[in-house]
Amino acid sequence: MLDGSDDDEEEPIAVAAAAAAAAASRVELFVRNKTDEYVATLEVDGGAGGAKWWPSKVVVRDYSREPAVLEAGAVARGTAPAGPQTPPQRAVVLRCVEKEREGKLRGFADYLKQRQKAGTVQVAHGAAPLYVFPLGTQEQASGGIGVRLVRVGQAPAPAPAPGSGGGSQ
């Protein structure tokens with residue numbers, strides 16, 4: 001620019017930062033059949049608050065009707081109170097960002113809802129379990145097609161590195 005400012009350099013940096021933030025809030029949802037079948041790209045709805053704890057790729061590998069799992073979904077949805085034995089959990093609502101994939105996501109969410117199941121997500125060994133639940137009717141109506149990702153329990157704390165002074169003497 002004529003005044004010597006670097007506005008032209010700041011704009012690409014701001015655009016890159018916004019793109020990185022959007023990518024960090026996106027999740028690719030897959031369902032394991034014989035292979036990992038792509039369902040849709042989803043984005044965290046609203047402010048999730050706190051540090052990102054969800055993976056960028058979610059693969060539903062199985063389904064559950066276990067009472068404790070379904071209770072976790074009800075607690076996350078706000079339709080059941082957390083009991084004294086309810087493990088801590090975190091949840092985010094994920095909404096479809098691809099118009100052309102909404103039907104695929106709706107079909108998956110309807111499958112879970114009609115069969116009263118939660119999708120069990122493949123996680124790394126020792127990680128806190130993750131589940132996918134359909135949204136309630138009001139949530140779908142108010143914000144569009146989506147699902148709820150719930151982490152039940154806490155991920156175990158990493159073991160101290162050898163020689164880091166983590167042990168007692």
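- Residues Leu149 and Tyr131 have side chains not in contact (no heavy-atom distance under 4.5 Å, counting atoms from C-beta outward).
- At a threshold of 4.5 Å between non-hydrogen side-chain atoms, the residues Val97 and Leu42 do not count as touching.
- Checked by atom type, the side-chain pair Arg151/Gln89 shows no donor-acceptor distance below 3.5 Å.
- Heavy atoms of other residues, nucleotides or ligands lying less than 6.0 angstrom from CD of Gln116 number 12 at most.
- If you take CD1 on Ile145 and CD on Glu102, they are separated by 6.0 Å, rounding to the nearest 0.5 Å.
- A donor atom on one side chain and an acceptor atom on the other are found under 3.5 Å apart for Glu37 and Asn33.
- Residues Trp54 and Leu130 have side chains not in contact (no heavy-atom distance under 4.5 Å, counting atoms from C-beta outward).
- Minimum heavy-atom separation, Ala128 to Val123: O-CG1, 3.9 Å.
- Counting heavy atoms from C-beta on, the side chains of Val58 and Phe30 never come closer than 4.5 Å.
- For the atom pair Arg65 CZ and Leu70 CG, the distance stands at 8.5 Å (nearest 0.5 Å).
- Neither Val44 nor Val93 shares a network with the other; the hydrophobic side chains, linked directly or stepwise wherever heavy atoms of I, L, V, M, F, W or Y lie under 4.5 Å apart, form separate groups for each.
- Between Leu29 and Leu94, every side-chain heavy-atom pair lies at or beyond the 4.5 Å cut-off.
- When all heavy atoms of Pro134 and Ala109 are compared, the pair lying nearest together is CB-O, 3.6 Å.
- Tyr63 and Leu105 fall within the same hydrophobic cluster, where Ile, Leu, Val, Met, Phe, Trp and Tyr residues are linked whenever their side-chain heavy atoms come under 4.5 Å apart, directly or through other members.
- In plain terms, the two heavy atoms of Pro55 and Val27 that are nearest each other are O-CG2, 3.5 Å.
- Listed here is the closest heavy atom pair of Val150 and Ala91: CG2-CB, 3.9 Å.
- Hydrophobic clustering, with ILVMFWY side chains joined whenever heavy atoms are under 4.5 angstrom apart, keeps Tyr38 apart from Val147.
- By the criterion of side-chain heavy atoms lying less than 4.5 angstrom apart, applied directly or through intervening Ile, Leu, Val, Met, Phe, Trp or Tyr residues, Val39 is grouped together with Val92 in one hydrophobic cluster.
- With rounding to the nearest 0.5 Å, the separation of CZ in Arg95 from CZ in Arg148 is 8.5 Å.
- No side-chain heavy atom of Val31 sits less than 4.5 Å from a side-chain heavy atom of Lys104.
- Considering only heavy atoms from C-beta on, Phe133 stays 4.5 Å or farther from Leu112 through its side chain.
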Audit row: Gln122, Val60, side chain to side chain contact (heavy atoms under 4.5 Å, CB included) steps and yes/no: CA-CA 6 Å; Gln122 176 178 323; Val60 175; over 6 Å; no
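- Across all their heavy atoms, Ala72 and Val152 have their closest contact at CB-CG2, 3.7 Å.
- Using a cut-off of 4.0 Å between Lys/Arg side-chain N and Asp/Glu carboxylate O, Arg26 and Glu43 are scored as salt-bridged.
- Other residues, nucleotides and ligands place more than 12 heavy atoms under 6.0 Å from the CD atom of Glu98.
- Figure legend: Lys117 and Tyr111 shown without cation-pi pairing, the cationic atom not lying both under 6.0 angstrom from the six-membered ring centre and within 45 degrees of its axis.
- At least one side-chain heavy atom of Thr120 sits under 4.5 Å from a side-chain heavy atom of Arg61.
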